Amino acid sequence: MTAVIHEGDVCDTSRSLYLTYYANHVSDSLPYISDSGTLSPESCIFGQALNIIWIMLSFSAYLKYKQTKEILTKHNIQKNAINKVALLIGLLACFGLSIVGNFQETNMFYVHWLGAILCFGIGSVYICLLSVLYLTITPVIGQRKLTGVRLVLSVISVVTFMIFLFVQFCHTSTKKNK
């Protein structure tokens, strides 16, 4: 399921970027991914692709919730509250992806960035919560190496999001000062 989502995301994003360059709708040599979804027809493809991916990721988060709930219940581990919170946070992060796709950066800047923060910031929290859950159930399911990889990816996700916020804040501050 995750491979299908990732493959579809890459394909639709590539298509949108190709149309953006073909129509000369970007001036930067390396634009934000959101720049490819600003003008028509790319915005239609970009928005629709992110809406489809939003639904698929939400379903994936729900399946992860059910899978983890089953493991927790079967082995009598009392972490169902964290699992429910992780589901809600995961769905919120997925919804942020839909906001990014439907509110172009050039038209609704603050709403677009709210969606990006929900998607990437809250998404990082979701990954961290899943890592905490998997630390709890690792002795039962025996995936120590995979849990270690999850922890490393959680830290990378949080650190890169913090770097992104810092760089974006600095970039916005220098723009306002000019």
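Just so it is clear, the model here is predicted, and its values are computed rather than measured.
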(request) Could you state whether I99 and I117 fall into the same hydrophobic cluster, counting links through intermediate Ile, Leu, Val, Met, Phe, Trp or Tyr residues with side-chain heavy atoms under 4.5 angstrom apart? (result) no

(request) Give the minimum heavy-atom separation between G115 and V100, together with the two atoms involved. (result) C-CG2, 3.4 Å

(request) Please report the shortest heavy-atom distance between A86 and Y126, naming the atom on each side. (result) O-CD1, 3.0 Å

(message) Working to the nearest 0.5 angstrom, can you tell me the gap between L114 CG and F109 CZ?
(response) 11.5 Å

(request) Verify, without hydrogens or angle tests, whether S60 (side chain) and M56 (backbone) share a donor-acceptor contact under 3.5 angstrom. (result) no

(message) Nearest 0.5 angstrom please: L63 CG to Q67 CD, how far?
(response) 8.5 Å

(request) For Q104 and N102, test the side chains for any donor-to-acceptor distance below 3.5 angstrom and give the result as yes or no. (result) no

(request) Check whether I141 and L130 end up in the same hydrophobic cluster, where Ile, Leu, Val, Met, Phe, Trp and Tyr are linked by side-chain heavy atoms less than 4.5 Å apart. (result) yes

(request) Compare every heavy atom of H112 with every heavy atom of F103, then report the nearest pair and how far apart it is. (result) O-ND1, 2.7 Å

(message) Using every non-hydrogen atom in the two residues, find where T147 and L135 come nearest and quote the distance to one decimal.
(response) CG2-CD2, 3.8 Å

(request) Taking all heavy atoms of W54 and all of L97, pick out the closest pair and write down the distance. (result) N-CD2, 4.1 Å

(request) Please assess Y134 against L146 for the test side-chain contact (heavy atoms from CB on, under 4.5 Å), listing each intermediate value before the final yes or no. (result) CA-CA 9 Å; Y134 270 85; L146 190 55; over 6 Å; no

(request) Check the surroundings of atom CZ in F120: do more than 12 heavy atoms from other residues, nucleotides or ligands lie under 6.0 Å from it? (result) no

(message) Set out, in order, the CA-CA distance, both residues' side-chain angles and the distance that settles side-chain contact (heavy atoms from CB on, under 4.5 Å) for K79 and L133, then state yes or no.
(response) CA-CA 7 Å; K79 296 285 184 177; L133 281 170; 3.9 Å; yes

(request) Answer yes if V85 and L118 sit in the same cluster of Ile, Leu, Val, Met, Phe, Trp and Tyr residues linked by side chain heavy atoms under 4.5 Å apart, and no otherwise. (result) yes

(request) Find out if a path of hydrophobic residues (ILVMFWY) with successive side-chain heavy-atom gaps under 4.5 Å connects L92 to L57. (result) no

(message) Please determine whether residues W113 and L165 belong to a single hydrophobic cluster, defined as Ile, Leu, Val, Met, Phe, Trp and Tyr linked transitively by side-chain heavy-atom distances below 4.5 Å.
(response) yes

(request) Return yes if some donor-acceptor pair links the side-chain N/O of S98 with the main-chain N/O of C94 below 3.5 Å, else return no. (result) no

(request) Taking S157 for its side chain and L153 for its backbone only, find out whether a donor-acceptor pair lies under 3.5 Å. (result) no

(request) Identify which one of L129, I71, L72 satisfies the side chain to side chain contact (heavy atoms under 4.5 Å, CB included) criterion when paired with N83. (result) L72

(request) Of all the heavy-atom pairs spanning A61 and L87, show the shortest one and how long it is. (result) O-CD1, 3.8 Å

(message) Between T68 and Y65 (side chain of the first, backbone of the second, donor and acceptor by atom type, cut-off under 3.5 Å), is there such a pair?
(response) no

